[in-house]
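All figures in this text were calculated on a predicted structure; none of them were measured in a lab. Naming: A, B, ... by sequence-line order, numbering from 1 per chain.
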Number of protein chains: 2
Amino acid sequence: MTQATNDQFLLAARPVGLPKDSDWQRATPPLGELADGEVRVKILYISLDPAMRGWMNDARSYVRPVAIGEVMRAGGVGVVEESKSPKFKAGDHVMGVMGVQRYWTGPAEDKGAMLARVDPNLAPLPTWLNVLGMPGMTAYFGLLEVGQPKAGETVVVSGAAGAVGMTVGQVAKHLGCRVVGIAGGEDKCRFVVEELGFDACIDYKAGPVQAGLKQHCPQGVDVYFDNVGGDILDAVLTRINMKARIVICGAISQYNATEAVKGPANYLALLVNRARMEGMLVTDYAARYPEGVAALARWMKEGSFKSREHIVEGFETFPSTLLMLFRGENLGKLVLKVADA
Amino acid sequence: MTQATNDQFLLAARPVGLPKDSDWQRATPPLGELADGEVRVKILYISLDPAMRGWMNDARSYVRPVAIGEVMRAGGVGVVEESKSPKFKAGDHVMGVMGVQRYWTGPAEDKGAMLARVDPNLAPLPTWLNVLGMPGMTAYFGLLEVGQPKAGETVVVSGAAGAVGMTVGQVAKHLGCRVVGIAGGEDKCRFVVEELGFDACIDYKAGPVQAGLKQHCPQGVDVYFDNVGGDILDAVLTRINMKARIVICGAISQYNATEAVKGPANYLALLVNRARMEGMLVTDYAARYPEGVAALARWMKEGSFKSREHIVEGFETFPSTLLMLFRGENLGKLVLKVADA
């Protein structure tokens, strides 16, 4: 059954600015025999996430950089094809950090891959890379634990039509907050309001974000969940309320910067408003993922919560598909489809 | 007893950059009769604080701007010369927001002046503008409530030889922390280490702050109390530990900026380290000042805590003396002496 060779994207060079084709190298090493305790997973969907850009830099961060010549790190979901471990059997569906390749092979207990069984009856496989996966958990715990929104407060989220943003906004609606998204383009804004039920969405491509905030957040901003950084973070800082909480989850506007990152010039609004800005990382909440999955899956089943994936087919399109994230071309969680189940 | 006229510095124009002489106007209105409930205070010492620069701008902030033609806002300490209020009697020493003038006249219960009796036997009058006044309370509650240092942690404070910084560092030493100051010049650094007992002090004028932090904070930075902003805030961000807390108390490096404020370009260190940056304002802790005063006065009495004021004589020197703050020329709390007791 197993093909004779794998197919992989290796990091060939550290990108300057947006990753170029020449920053990648294709490799097709043979698929060897499994050792005791190992499994082989046929990868079906690969998660494309803004954080991947950071992993390509040679910089101290929360995980080690991807080495030159190493398979690019990525989350994915797939099906176990062969197993010499009692933990998984052939046919099991699993998610994990399996890299940009067609097959993942290694110990079932591998600390890097963190394989976990997923239930395709609870939600379609791509949803396990989205609402029920890392982005969903990031949104759920980041909003609840760091943002700490209360009913009636105003929550603003940037990257509102992206993987994390769509869940932040919907969770905040479930909590009884006023929810205002920020996204680029009419289609995304319409989706966020009409499909996801946000109260409003500011199109940052259509005009100044500050004016949009003034219009749509008449009571100011109590919680801002920031996925983008840059000028939008600065605009929100001008509208925060006393004791506001800003969750720093990402800064996609800055990930490909070739000059210095733009720091938030209006950060002294934190002083004036006794507000705070706090970073979060989803893996700190790993022990509580089942709680997050259960809550989000229940809402989805009840029909009060939507997941949306933007699926692009074709393993070989990886280099250009990844760039869609940084060009804001995805509506929903960007997923690369590698193979049929 | 009462002189026939007052002597005041009014704000004549909103400064661009450092305040100039022409931004001030001198006025000598007559001192009228007291109405019922009013007191007249002869001001002895005026507090010169970095925050005063912000009050001169026409910008929304935590207090309203000083109006053009209005007496410049400032804290001070003085002696009650006449009273038609049962709250104070002639000879009482009081502190309050009495402005840059020789006499303050108004209702004893005035909400703006917030007059409070001080005990000159507990500490000399200038100390009531320093360790036992706003700067001390800012340091005490900002460090304890927002910084939340624990014994054994490393606390870094900028503006270490200034009014707030000297108290932050000494309180942190009392809590069993490793304390590293940042200050400009050898004299200030020597003072902070030899007189105040900090573990080390980095002279930002002598070399890169980042190298100093690497040397003096081998375990990284757990709490950073920021009085200066700008490049120093950015340097500290590169050395923070997991779950670090940054207290945003001020940003003196930016108060006279004529271009946009420099935001902290390294703010994504908050994300990587799940750290937070939080603003604080001393007036939020007004109800607890007696607790802070009691603690600091007790340590001073025991000899384990020092207060240091930089006293400049002469009411008329106000415009140039104020600039000493922004040129880093004061060692200790800058106080203007107006009259003998």
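- Contact record, B:V272 with A:Y62: CG1-N, 3.7 Å, taken as the closest heavy-atom pair.
- Taking A:L271, A:L270, A:I246 one by one and counting their heavy-atom pairs under 4.5 Å with chain B, the maximum is reached by A:L271.
- In terms of heavy-atom pairs under 4.5 angstrom with chain B, the leader among A:G263, A:G250, A:A251 is A:G263.
- Looking only at heavy-atom pairs under 4.5 Å with chain B, the residue among A:D284, A:V247, A:L268 that has the most is A:D284.
- Both the backbone and the side chain of B:M277 come within contact range of chain A, each with at least one heavy atom under 4.5 Å from a heavy atom of that chain.
- Contacts between A:L237 and chain B at a heavy-atom distance below 4.5 Å are absent for every atom of the residue.
- In this structure, the side chains of B:T283 and A:R274 come closer than 4.5 Å at one or more pairs of heavy atoms.
- Side-chain atoms of A:V261 and B:N266, non-hydrogen and from C-beta on, never get closer than 4.5 Å to each other.
- Listed by sequence position, B:D226, B:G229, B:G230 are the residues of residues 215-230 of chain B in contact with chain A, using a 4.5 angstrom heavy-atom cutoff.
- By the 6.0 Å contact criterion, NZ on A:K214 is open, its count of non-hydrogen atoms from other residues, nucleotides or ligands being 12 or less.
- For the atom pair NZ (A:K243) and CD (B:E278), the distance works out to 6.0 Å, reported to the nearest 0.5 Å.
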